[in-house]
Amino acid sequence: MATRFPQQRITLPTGVELDVAVAGDPGHPAIILLHGFPESHRTWRHQIPELAKTHFVIAPDQRGFARSSKPAAVSDYAPAKLLADLLALADHFGIDRFTLVGHDWGGAVAWMAALNRPDRVERLIIINAPHPLIFQRTMFDDPDQRAASQYIRAFRNPDLEGHIAEIGVEAYFAKTFVGHADQAKLALERPFYLDQWAQPGALTGMYNWYRASPIIVPAMDEEPPRPAFLDKPFAPLAMPALIIWGMADTALKPSQLVGLTELVPQMTLVKVDAGHFVPWEAPDAVNTAMRAWL
């Protein structure tokens, strides 16, 4: 039986209401867990009970996902607004500094928070989420990564929701994770995914994260202008960081780890034999790495 976590409905000054799973003693050090696409706080179902032994754990369903608010405009999912949600959530609980954990899109927010607000992020844990400089650079320099990222162009297609409506959410679910996740483990979670995706506006909310992102994903036969910042100095991360990486990830190639040492001077890298959805595909390895590092 899949674990359920009680959630609080929290209204933020950023204009959204988020469902937030909270566990552990509020007197303990705070740790905030940010999920990615196409998931929810349940990404962390194996980590929350473990982390709650020593930390105050906060795991939101981010804007656009599950039953949290789903603003209609693409601009409502701009990076600055996603970062604002995170900081407002910490403020709601009276938390000044915290350990931040992010997977996939949650990792994108976590990188952004750590790079821009080192006054708030004490330590960073990233799980299969690329550093923004390396990710954009590999779109131009690594043909394998560019090919693996073409799905982003598809997710930005405004006709996508219409296509899903035609084939049905269940048929779409069957296609979404093929080749990207452990099918046996996924089967246990299928009802949760289908329930969350079926919420009004959920699919559009999730895809708007891709549509609002400034990341340039060229077509395979395209040669767009190269962004100047790719070849300029980039500020190194200020705090210690644990990078946990599922090496069988088909969406994020090993090139995402090349050059990371220079950008993350206080880095601990743990490679895991798993695909993209490492937190629940290899939960024991993730929990062990987190425990040792924290």
Side-chain angles (χ1 to χ4, degrees), residues 2 31 33-48 50-51 59 62 65 99-111 114 123-135 137-139 142 144-152 155 173 175-190 192-193 206 209-210 215 237 240-261 263-264 267-294:
I31 189 165
L33 312 177
L34 300 180
H35 70 84
F37 174 92
E39 303 200 279
S40 68
H41 71 285
R42 291 188 57 77
T43 296
W44 310 109
R45 56 192 175 274
H46 302 288
Q47 286 74 48
I48 292 172
E50 186 65 30
L51 292 170
Q62 299 200 77
F65 291 89
T99 296
L100 182 58
V101 186
H103 171 253
D104 188 79
W105 269 116
V109 177
W111 279 118
R123 289 181 293 186
L124 180 68
I125 300 177
I126 292 289
I127 306 178
N128 284 65
H131 185 285
L133 175 66
I134 295 176
F135 194 45
R137 188 181 281 163
T138 55
M139 290 298 169
D142 179 11
D144 287 345
Q145 185 59 64
R146 186 190 291 199
S149 297
Q150 292 302 297
Y151 72 91
I152 295 176
F155 285 175
F173 176 86
K175 293 168 54 178
T176 298
F177 289 98
V178 172
H180 294 288
D182 183 310
Q183 297 300 302
K185 292 179 178 178
L186 189 61
L188 298 173
E189 287 293 298
R190 183 174 177 275
F192 293 97
Y193 284 110
M206 291 193 294
W209 281 62
Y210 292 91
I215 189 78
L237 199 71
L242 170 64
I243 311 295
I244 301 173
W245 205 268
M247 297 304 292
D249 193 331
T250 53
L252 296 169
K253 299 300 181 179
S255 58
Q256 299 311 313
L257 301 177
V258 177
L260 199 52
T261 306
L263 294 165
V264 187
M267 179 177 73
T268 300
L269 175 63
V270 176
K271 297 179 180 179
V272 179
D273 182 17
H276 179 69
F277 296 93
V278 197
W280 51 264
E281 286 192 83
D284 291 343
V286 169
N287 288 356
T288 298
M290 284 186 173
R291 262 200 312 268
W293 189 76
L294 288 170

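Because only heavy atoms are used, hydrogens play no part in the values below, and waters and symmetry mates are left out as well, while side chains stay in.
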Taking atom types as modelled, find out whether Asp104 and His276 have a side-chain donor-acceptor pair closer than 3.5 angstrom. yes

Ion pair present between Arg291 and Glu50, side-chain N to carboxylate O less than 4.0 angstrom? yes

Shortest non-hydrogen contact between [X] and [Y], atoms and distance:
| X | Y | value |
| --- | --- | --- |
| Pro279 | His103 | CD-CD2, 3.9 Å |
| Thr138 | Phe135 | OG1-O, 2.8 Å |
| Ala108 | Ala129 | N-CB, 4.2 Å |
| Asn128 | Gly275 | ND2-O, 4.2 Å |
| Ala110 | Leu100 | CA-CD2, 3.5 Å |
| Trp44 | Ala59 | CD1-CB, 4.4 Å |

For residues [X] and [Y], determine if any side-chain heavy atom of one lies less than 4.5 Å from a side-chain heavy atom of the other.
| X | Y | result |
| --- | --- | --- |
| Leu237 | Met267 | no |
| Trp111 | Val264 | yes |
| Leu51 | Leu33 | yes |
| Trp293 | Val270 | no |
| Leu186 | Arg190 | no |
| Phe65 | Glu39 | no |
| Gln62 | Val109 | yes |

Yes or no on side-chain contact (heavy atoms from CB on, under 4.5 Å) for Gln256 and Asp249, after CA distance, side-chain angles and deciding distance? CA-CA 11 Å; Gln256 299 311 313; Asp249 193 331; over 6 Å; no

Nearest-0.5 Å distance that lies between atom [atom1] in [X] and atom [atom2] in [Y]:
| X | Y | atom1 | atom2 | value |
| --- | --- | --- | --- | --- |
| Leu269 | Ile126 | CG | CD1 | 12.5 Å |
| Met139 | Ile152 | CE | CD1 | 4.5 Å |
| Ile31 | Ile48 | CD1 | CD1 | 10.5 Å |
| Ile127 | Ile244 | CD1 | CD1 | 4.5 Å |
| Leu257 | Lys271 | CG | NZ | 6.0 Å |
| Ile243 | His131 | CD1 | NE2 | 9.0 Å |

Could you list the residues that satisfy side chain to side chain contact (heavy atoms under 4.5 Å, CB included) with Ala282, not counting sequence neighbours? Val272, Ala274, Val278, Ala285

Suppose we screen for side chain to side chain contact (heavy atoms under 4.5 Å, CB included). Which residues come up paired with Ala148, at least two apart in sequence or across chains? Gln145, Lys253

Are any side-chain N or O atoms of Ser149 and backbone N or O atoms of Arg146, one a donor and one an acceptor, separated by less than 3.5 Å? no

Please confirm whether the backbone N or O of His46 pairs with a side-chain atom of Asn287, one donor and one acceptor, at under 3.5 Å? yes

Of the options Trp105, Tyr210, Trp209, Tyr193, which is the one that meets Phe37 in a ring-ring contact (aromatic ring centres under 6.0 Å, His included)? Tyr210

Looking at Lys185, I want to see if its NZ is surrounded by more than 12 non-hydrogen atoms of other residues, nucleotides or ligands under 6.0 Å. yes

